[in-house]
Number of protein chains: 2
Amino acid sequence: MKFTMAEENYIKAVYHLQHGQEVVSTNALSAELQTKPASVTDMLKKLKAKKIISYEPYRGVKLSAEGRKVALGIVRKHRLWEYFLVDKLQFGWDEVHEVAEELEHISSNKLIDKLDEFLGHPKFDPHGDPIPDSKGKIIAQPQEQLSGALLHTPVQITAVGSQSTELLELLKHKGLQMGTRLEVKKVFDFDGSLELRIKNQQVVTVSRELASVLFVKSL
Amino acid sequence: MKFTMAEENYIKAVYHLQHGQEVVSTNALSAELQTKPASVTDMLKKLKAKKIISYEPYRGVKLSAEGRKVALGIVRKHRLWEYFLVDKLQFGWDEVHEVAEELEHISSNKLIDKLDEFLGHPKFDPHGDPIPDSKGKIIAQPQEQLSGALLHTPVQITAVGSQSTELLELLKHKGLQMGTRLEVKKVFDFDGSLELRIKNQQVVTVSRELASVLFVKSL
DNA sequence: ATAAAAATTTAGGTTTGTCTAAAAATAAAT
DNA sequence: ATTTATTTTTAGACAAACCTAAATTTTTAT
């Protein structure tokens, strides 16, 4: 089955918002896609007719098995293109998201499989998110939040929870990126902020909000 | 100024059809774009309002200076992507056109300039067509038609006049491709067909129609 | 120079994806 | 358990890009 760009964007949005949630609300989609709730309702009807989602009025929406497959295909394209942009074209990891939003809609499967091969079948994109393989298989990462890390224990940043330019700008400013090694020096209970030491050098403070979207693994 | 995909396709079509011609007709665009003449008229009005073309009802259309710049930008993208597909992803030169038709609409200028650099600033695409540089400068190739080549004079294929799958399929079948060396052995006045010897080996016959869309340079 | 043919434009519709405003359903609060 | 607030859906419109059918202009042929 073929999909328009708009349909693909809705499918991808449902996929992302479904993480953890049982169903996704109309308003959540409206916010994610920057459209009005009424427009979301229209599209949900259309996707339901195509059996991509299951949806009952007022009851929220979730992807069907077929829909999940489609979503994983789009996510695969998005992340492979991001890897390409950073690894081959020397883009900064914080400036690839928007371009990949366009590239992910190029339809050729042959293209994406050849790209995958050219890149050496990478397993993670530049933000640390796993790349689904050509069959839609995706490595489930045991995402450990920085906010839950032990004190004085060296960890490494493996993923960030969003690709908003605002977040990426903040990380850049603080000198944090994928693979950065650090340890938590202090936790302030008042506001949940953390004091980190990066590579045994600079000390930076991160807010509770920031710490909750940074994922790490112990070293 | 920004353009929709449909607008870009019209601009590119006018550019291609304008080659040699003073103005381009509505019907020519309709045929090229596989749409009805009435649809073409609608779009011409729109592009005229945007000052991309000059157009008077019933009088045909041509690109404005601005329109030419836009067209060259699209052509540049198309040909760089084709080069990428063949050179990096190992696509056959006859299977890249359709994918490039999609990729040429990706908007990021940074992307295309980085891609250009990554590819080593190629001057010609896999079909032998020149690639405009980032300023819109394009090498005018002195396109010598095979149908006008001298007998028994070694020449090399430098370009093909169209990217239709039909043409590319035929070339593949005959064992002809970019860079193929050959010489014309005989010209049949009856139907304008040519007998060629490829690399001093096989002998193939090509029709007048085919010979007129193959471009060569003397060796 | 007219009549016939071809090309082009106009007029009026359709589909996709969006919107606003109003109605209906669900959830929250007193 | 009502009332109030929030969420969601319906109804009706709009722009983009296409279509068909009919009218108009230009070109070609007699």
Side-chain angles (χ1 to χ4, degrees), chain A residues 1-15 17-18 21-63 67 70-71 74 101-102 104-107, chain B residues 1-15 17-18 21-63 67 70-71 74 101-102 104-107:
Chain A
M1 203 168 354
K2 281 177 39 257
F3 299 96
T4 64
M5 251 180 230
E7 286 170 340
E8 287 192 352
N9 285 332
Y10 276 90
I11 294 167
K12 194 179 51 145
V14 174
Y15 174 83
L17 293 171
Q18 211 173 324
Q21 310 293 302
E22 170 61 14
V23 293
V24 177
S25 75
T26 299
N27 265 5
L29 282 165
S30 154
E32 175 83 6
L33 294 162
Q34 315 260 62
T35 58
K36 300 292 160 179
S39 308
V40 174
T41 301
D42 285 349
M43 183 60 94
L44 294 183
K45 285 182 192 163
K46 203 179 155 199
L47 291 176
K48 181 185 181 175
K50 285 193 170 193
K51 298 190 192 304
I52 292 304
I53 58 171
S54 65
Y55 160 69
E56 291 307 323
Y58 299 103
R59 289 282 100 92
V61 63
K62 49 182 172 174
L63 290 175
V70 175
I74 302 166
E101 289 281 298
E102 288 187 61
E104 74 191 1
H105 301 294
I106 304 293
S107 60
Chain B
M1 205 168 352
K2 280 175 41 259
F3 300 95
T4 65
M5 253 181 229
E7 286 170 338
E8 288 192 350
N9 285 333
Y10 276 89
I11 294 168
K12 193 177 51 142
V14 175
Y15 174 83
L17 293 171
Q18 210 173 324
Q21 310 291 304
E22 170 62 12
V23 294
V24 177
S25 75
T26 299
N27 265 6
L29 282 165
S30 154
E32 175 83 6
L33 293 163
Q34 314 259 62
T35 59
K36 300 294 163 182
S39 308
V40 173
T41 301
D42 285 350
M43 183 59 95
L44 293 184
K45 286 182 193 163
K46 204 178 153 199
L47 291 177
K48 182 186 178 173
K50 286 193 169 193
K51 298 189 193 301
I52 292 303
I53 58 172
S54 64
Y55 161 67
E56 291 307 322
Y58 299 102
R59 289 281 101 91
V61 64
K62 51 182 172 175
L63 290 176
V70 175
I74 301 166
E101 288 282 296
E102 288 187 62
E104 72 189 3
H105 300 294
I106 304 294
S107 61

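If you're wondering where the values come from, they're calculated on a predicted model, not measured in any experiment. Convention: sequence-line order gives letters A, B, ...; per-chain numbering from 1.
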TODO: Sorted by first residue and then second, give each salt bridge (charged side-chain N to carboxylate O under 4.0 Å, His left out) pair with at least one member in residues 26-43 of chain B; sequence neighbours left out.
DONE: none
- [ ] Please report, rounded to the nearest Å, how far the C1' atom of dA16(D) is from the NZ atom of Lys45(B).
- [x] 14 Å
TODO: Could you point out which residue of Val24(A), Asn9(A), Thr35(A), Thr41(A) forms a side-chain contact (heavy atoms from CB on, under 4.5 Å) with Leu29(A)?
DONE: Val24(A)
- [ ] Take atom CG of Asp42(B) and atom P of dT20(D), then tell me their distance rounded to the nearest Å.
- [x] 13 Å
Task: Closest to side chain of Tyr58(A), choosing from dT9(C), dT8(D), dC19(C) - done: dT8(D)
Task: Tyr10(A) side, atom OH; Glu7(A) side, atom CD - distance, nearest 0.5 Å - done: 10.5 Å
Task: Ser39(A), nearest nucleotide to its side chain (from dT9(C), dC18(D), dT18(C)) - done: dT18(C)
Open item on the list: From CD of Gln34(A) over to P of dC19(C), roughly how many Å is that when rounded to an integer?
Closed with: 10 Å
TODO: Mind calculating the distance between CE (Met43(A)) and P (dT9(D)) to the nearest angstrom?
DONE: 14 Å
Task: Lys50(A) side, atom NZ; Lys2(A) side, atom NZ - distance, nearest 0.5 Å - done: 8.0 Å
Task: Nearest-0.5 Å distance, CE of residue Met43(B) to CD1 of residue Ile52(B) - done: 11.5 Å
- [ ] Looking at every strand, decide which applies to Thr41(A) at a 4.0 Å heavy-atom threshold: base, sugar-phosphate, or nothing.
- [x] base
Open item on the list: Rounding to an integer number of Å, can you tell me how far Tyr55(B) OH sits from dA7(C) P?
Closed with: 16 Å
TODO: Quickly work out the Met5(A) CE to dA16(D) P distance and round it to whole Å.
DONE: 17 Å
Task: Members of residues 21-33 of chain A that approach DNA chain C, where some heavy atom sits under 4.0 Å away - done: none
Task: Distance, rounded to the nearest Å, where Glu56(A) contributes CD and dT26(C) contributes P - done: 12 Å
TODO: Give one of base, sugar-phosphate or nothing for Pro37(A), where a contact means two heavy atoms less than 4.0 Å apart.
DONE: base
Open item on the list: Using the side-chain heavy atoms of Ala38(B), tell me which of these nucleotides is nearest: dA21(D), dC18(D), dT10(D).
Closed with: dA21(D)
TODO: Ignoring the backbone of Lys36(B), work out which of dT9(C), dT20(D), dC19(C) is nearest its side chain.
DONE: dT20(D)
Open item on the list: Here's a test of your reading of the structure: between Arg59(A) and Tyr10(A), which maps to the more 5' nucleotide of DNA chain C?
Closed with: Tyr10(A)
Open item on the list: Would you compute the distance between atom CG of Leu47(A) and atom OG of Ser54(A) and round it to the nearest 0.5 angstrom?
Closed with: 11.5 Å
Task: Length of the CG-P vector between Asn9(A) and dT16(C), whole Å - done: 17 Å
Open item on the list: To the closest 0.5 Å, what do you measure between CD (Glu8(B)) and CD (Glu104(B))?
Closed with: 7.0 Å
